[in-house]
Amino acid sequence: MQQQLIPWTIEIKQLMTRLRGAPSLPDRPVCIDVTIRAMTPACPREIEDCMNYQPVCEWIVEDLPRQRYRPRLETALRAVLAVVVDSDPRIEWAEVNMTVAGTTLTLARSRQQHEDDAARWDGA
């Protein structure tokens, strides 16, 4: 018997991390919100059936601050969104909000848009 799949929405709110500043500047504190929509079983039978968002949280908190200096917030925002969408093939759509010094930037992409953009960059 095949399991029925339904869209699940996962929201990760107010995840605090830092963005590496220029060599002469301190790191900037940043607050990140992530919304993920994935197709997973309506009634998960095992933990593997569920969307594991923990690696996304760990990357944002531990690895993002170690990324090389990013002069534009948009670049960091795209990097976070790529990690989110690439984290699980069941993800259909994701949105990332990044707030730095009172300014919030938002980027949302479907898996198809993400893959189309990646193919364009790979082919360039």
Side-chain angles (χ1 to χ4, degrees):
M1 175 188 252
Q2 192 169 357
Q3 291 187 22
Q4 178 187 6
L5 299 180
I6 64 169
W8 286 77
T9 301
I10 297 168
E11 293 186 340
I12 303 166
K13 296 288 190 181
Q14 298 182 346
L15 196 56
M16 297 302 298
T17 190
R18 304 188 74 69
L19 291 179
R20 181 178 285 181
S24 61
L25 297 173
D27 290 355
R28 295 179 283 182
V30 60
C31 180
I32 297 180
D33 297 327
V34 179
T35 302
I36 301 168
R37 188 178 67 219
M39 293 297 289
T40 58
C43 298
R45 293 183 188 144
E46 301 175 11
I47 192 68
E48 291 80 22
D49 292 339
C50 299
M51 166 70 199
N52 183 2
Y53 56 87
Q54 191 61 35
V56 169
C57 295
E58 289 172 2
W59 188 89
I60 290 170
V61 172
E62 297 171 11
D63 295 337
L64 180 61
R66 292 194 290 254
Q67 299 295 308
R68 64 181 174 81
Y69 166 61
R70 297 179 184 275
R72 297 176 47 98
L73 293 177
E74 291 85 349
T75 305
L77 189 62
R78 282 190 173 273
V80 173
L81 188 65
V83 166
V84 171
V85 175
D86 291 340
S87 69
D88 191 305
R90 298 172 295 179
I91 294 174
E92 292 189 322
W93 176 88
E95 176 180 287
V96 176
N97 297 301
M98 180 180 291
T99 303
V100 179
T103 300
T104 301
L105 299 174
T106 301
L107 183 60
R109 305 293 276 173
S110 69
R111 171 166 298 285
Q112 188 63 52
Q113 289 170 316
H114 175 69
E115 291 173 354
D116 290 348
D117 285 350
R120 271 194 288 268
W121 285 106
D122 289 345

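Predicted model only: the values in this text are computed from it and were never measured.
- Applying the side chain to side chain donor-acceptor pair (under 3.5 Å) criterion to D63, with sequence neighbours excluded, gives R66.
- Remark: I12 CD1 to Y53 OH distance equals 7.5 Å, nearest 0.5 Å.
- Contact annotation: the side chain of C31 never approaches that of L15 to less than 4.5 Å [non-hydrogen atoms, C-beta and beyond].
- Not counting sequence neighbours, the partners of T17 by the side-chain contact (heavy atoms from CB on, under 4.5 Å) test are V30, I32, I60, L64, P65.
- Minimum heavy-atom separation, M51 to R90: CA-NH2, 3.6 Å.
- W93 and V34 are not part of a single hydrophobic cluster, where members link through side-chain heavy atoms under 4.5 Å apart.
- At least one side-chain heavy atom of L73 sits under 4.5 Å from a side-chain heavy atom of R28.
- Members clustered with W8: I6, by chain and number, using a 4.5 Å side-chain heavy-atom cutoff among hydrophobic residues.
- Remark: N52 engages no residue in a side chain to side chain donor-acceptor pair (under 3.5 Å) (not counting sequence neighbours).
- Cluster partners of M39 are L5, counting Ile, Leu, Val, Met, Phe, Trp and Tyr whose side-chain heavy atoms approach within less than 4.5 Å, directly or via other members.
- By the neighbour-count criterion of 12 heavy atoms within 6.0 Å, atom CD of Q14 is sparsely surrounded, having that number or fewer from other residues, nucleotides or ligands.
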Side-chain atoms of residues 95-105: list all donor-acceptor pairs with protein atoms under 3.5 Å, sequence neighbours left out, distances to 0.1 Å.
from, atom 1, to, atom 2, distance (Å)
E95, OE2, N97, ND2, 3.4
N97, OD1, T106, OG1, 2.4
T99, OG1, T104, OG1, 2.8

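- With rounding to the nearest 0.5 Å, the separation of NZ in K13 from CG in D33 is 5.0 Å.
- Inter-residue side-chain proximity for Q67 and W59 is flagged as met; some heavy-atom pair is nearer than 4.5 Å.
- Residues passing the side-chain contact (heavy atoms from CB on, under 4.5 Å) test with D49, sequence neighbours excluded: Q3, P41, P44, R45, E46.
- Here the closest non-hydrogen pair linking L81 and A108 is CD2-C, 4.4 Å.
- Qualifying side-chain contact (heavy atoms from CB on, under 4.5 Å) partners for R78, counting only residues two or more places apart in sequence or in other chains: L107, D117.
- Annotation: L25, atom CG; neighbour count of heavy atoms from other residues, nucleotides and ligands within 6.0 Å is above 12.
- Applying the side chain to side chain donor-acceptor pair (under 3.5 Å) rule to Q113 yields the partners S110; only residues at least two apart in sequence or on another chain are considered.
- In this view, E115 and R111 satisfy the salt bridge (Lys or Arg N to Asp or Glu O under 4.0 Å) rule, not counting sequence neighbours.
- Remark: T9 engages E11, T35, R37 in a side-chain contact (heavy atoms from CB on, under 4.5 Å) (not counting sequence neighbours).
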